[in-house]
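The first residue of the sequence shown is numbered 1, and numbering continues consecutively from there.
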Amino acid sequence: MTSTTIATNTAKEIASEFLPRIRIYKDGTVERLLGSPCVPPSPHDPQTRVSSKDFTFSHNPNISARLYLPNVPQNQTQKLPILVYFHGGAFCIESAFSFLHHRYLNRLVSEAQVIAVSVEYRLAPENPLPIAYEDCWVALQWVTSHANNEELDDNKEPWLLNYGDFDRLYIGGDSAGGNIAHNLAMKVGAESLFGAVKILGAFLSHPYFWGSKPIGSEPKGEDFKKTMEYKVWDFVYPSAPGGIDNPMVNPAGEGAPSMAVLGCSKLLVCVAGKDQLRERGVWYCDLVRESGWKGEVELFEVEGEDHCFHIFSETETENVKKMIKRLASFLL
């Protein structure tokens, strides 16, 4: 489990900082300055009646996930769609076990009536990219290993075996998690999943993409290089070939594969009107449409809201409900 720790030893020497998120000390300690606290799974959430539990499916490296199951009758035989979800947090904070994402997944699973697998991938700077992508690929392969396999062993999860419909497999994520969802969809388009399982759809909510040149109303000149979106990539992936134009963060960067290979049948990209990443989301949709990809792509915008408002909001406002309902209707 990834923990958010606040250091109390003021005598320790600081080696580097990535404010306001991270402080690194010379003894190797990493202090996470932002991020919601981790919470345990809930056998029966009182608000949504969603059940959750944690499962470690890889021990070398150690990778785990939090699974969510909506309130279904004990004797239900109808299978449920499966969502493999990747949390946000700039690749360096937050967790599949954090309060914010736990609350969000409870809401989404209840509304959508899906099984969700929220992946606890390893974080930078201790584990720089591409490790998070690799962890999430292992997680996706583990989920699909349950298809056409009714035998329960120590590395199989009964909820997936008993309730999962592998003809309705989705991936999705918010912010950095949306970036991960894109990159995994590209990888699926080039490689096979266990059991020849296909991804039906992917949603990218307020996805993180960037590049060396501003688009639209993004800051210009030196101000552009001072943006958090520009600086975070070098912090989480200092060895990235091509830097900020690496295809994993800039799908139109030099040497980027064609978006036509996206390995899913439908794609939902969500943006928020006040989000600094809004125009990149719109731009991403245009790239997909112009690539010749054969699937269905839709852009969904909530005006007047900021980055990941549906996760941060303490109450279910009308716009939060609107966002959750749109995601749920996609996960059919």
Side-chain angles (χ1 to χ4, degrees), residues 36 38-57 64-88 95-120 136 139-140 142-147 149-150 152 156-174 177 181 197 199-203 205 264 266 268 270 300 308 310-311 313-332:
S36 60
C38 289
V39 295
S42 49
H44 202 70
D45 179 65
Q47 277 75 44
T48 62
R49 304 177 72 189
V50 169
S51 300
S52 56
K53 60 181 173 180
D54 298 339
F55 191 92
T56 300
F57 53 85
S64 56
R66 178 159 293 176
L67 287 88
Y68 295 82
L69 181 71
N71 185 40
V72 294
Q74 288 281 346
N75 59 351
Q76 172 158 325
T77 57
Q78 183 178 352
K79 301 286 189 175
L80 302 173
I82 302 167
L83 167 65
V84 182
Y85 175 78
F86 315 111
H87 71 81
S95 164
F97 311 128
S98 70
F99 166 75
L100 287 176
H101 289 93
H102 183 71
R103 181 181 63 187
Y104 168 52
L105 266 294
N106 276 329
R107 290 173 176 174
L108 180 57
V109 166
S110 176
E111 182 69 33
Q113 292 293 291
V114 299
I115 301 171
V117 180
S118 182
V119 182
E120 177 69 347
C136 292
L140 182 58
W142 171 73
V143 170
T144 60
S145 74
H146 292 73
N149 184 351
E150 297 180 358
L152 181 62
K156 291 290 190 297
E157 170 42 56
W159 286 356
L160 291 171
L161 289 174
N162 296 335
Y163 298 106
D165 181 353
F166 288 89
D167 290 327
R168 292 186 290 167
L169 175 66
Y170 293 87
I171 60 174
D174 296 84
V197 174
I199 293 179
L200 180 55
F203 76 77
S205 173
C264 55
K266 59 178 185 174
L268 175 66
C270 303
F300 176 72
C308 291
H310 55 296
I311 296 176
S313 178
E314 293 183 9
T315 59
E316 285 194 274
T317 64
E318 287 305 309
N319 277 344
V320 170
K321 291 177 182 177
K322 181 179 179 182
M323 179 74 176
I324 297 288
K325 285 182 180 296
R326 182 64 195 91
L327 292 173
S329 67
F330 179 74
L331 301 171
L332 295 175

Close side-chain approach of [X] to [Y], heavy-atom, < 4.5 Å:
X: F97; Y: S64; result: yes
X: L69; Y: V109; result: no
X: F330; Y: F300; result: no
X: R168; Y: V114; result: no
X: H101; Y: I311; result: yes
X: R326; Y: F203; result: no
X: L169; Y: T144; result: yes
X: L327; Y: C270; result: yes

Margin query: Show, in sequence, the C-alpha distance, side-chain angles and deciding distance for N106 and Q47, and conclude whether the side chain to side chain contact (heavy atoms under 4.5 Å, CB included) test is met.
Written below: CA-CA 9 Å; N106 276 329; Q47 277 75 44; over 6 Å; no

Rounded distance (nearest 0.5 Å) linking atom [atom1] of [X] with atom [atom2] of [Y]:
X: S329; Y: I324; atom1: OG; atom2: CD1; answer: 11.5 Å
X: I82; Y: L80; atom1: CD1; atom2: CG; answer: 8.5 Å
X: E157; Y: H146; atom1: CD; atom2: NE2; answer: 6.5 Å
X: E316; Y: K322; atom1: CD; atom2: NZ; answer: 15.5 Å
X: L200; Y: D165; atom1: CG; atom2: CG; answer: 9.5 Å
X: M323; Y: T317; atom1: CE; atom2: OG1; answer: 11.5 Å

Notebook entry, point to check: Within a radius of less than 6.0 Å around CD of E314, do more than 12 heavy atoms belonging to other residues, nucleotides or ligands occur?
Noted result: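 Atom CD in E314 is not packed in, count stays at 12 or less.
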
Note to self: Looking at K79, I'd like to know if its NZ atom is crowded, meaning that more than 12 non-hydrogen atoms belonging to other residues, nucleotides or ligands lie closer than 6.0 Å.
What the structure shows: yes

Kindly give the heavy-atom pair with the smallest separation between [X] and [Y], and that separation in Å.
X: F55; Y: L67; result: CB-CD1, 3.8 Å
X: P70; Y: Q113; result: CB-NE2, 3.5 Å
X: A147; Y: F166; result: CB-CG, 3.7 Å
X: I171; Y: F86; result: CB-CE1, 4.0 Å
X: K53; Y: P158; result: NZ-CD, 4.4 Å
X: Y163; Y: Q76; result: CE2-O, 4.4 Å

Checklist line | H102 and Y68 aromatic ring geometry - parallel, tilted or perpendicular at 30°/60° bounds | finding: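 If you compare the ring of Y68 with that of H102, the planes turn out tilted.
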
Next item on the list: Give me the ring orientation class for H310 and Y104: parallel if the planes are under 30° apart, tilted from 30 to 60°, perpendicular past 60°.
Entry: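 Taking Y104 first and then H310, their aromatic rings stand perpendicular (interplane angle over 60°).
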
Okay, side chain of [X], backbone of [Y]: is any donor-acceptor separation there less than 3.5 Å?
X: D174; Y: G177; value: no
X: S52; Y: S42; value: yes
X: T48; Y: R107; value: no

Next item on the list: Test side chain to side chain contact (heavy atoms under 4.5 Å, CB included) on E120 and R66 and set out the steps.
Entry: CA-CA 8 Å; E120 177 69 347; R66 178 159 293 176; over 6 Å; no

Next item on the list: Could you go through the side chain to side chain contact (heavy atoms under 4.5 Å, CB included) check for Y170 and C264 one step at a time?
Entry: CA-CA 9 Å; Y170 293 87; C264 55; over 6 Å; no

Item checked: Stepwise side chain to side chain contact (heavy atoms under 4.5 Å, CB included) check, D167 with V197 -> CA-CA 7 Å; D167 290 327; V197 174; over 6 Å; no

Checklist line | Carboxylate-amine/guanidinium proximity below 4.0 Å for E111 and K325 | finding: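 K325 and E111: salt-bridged.
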
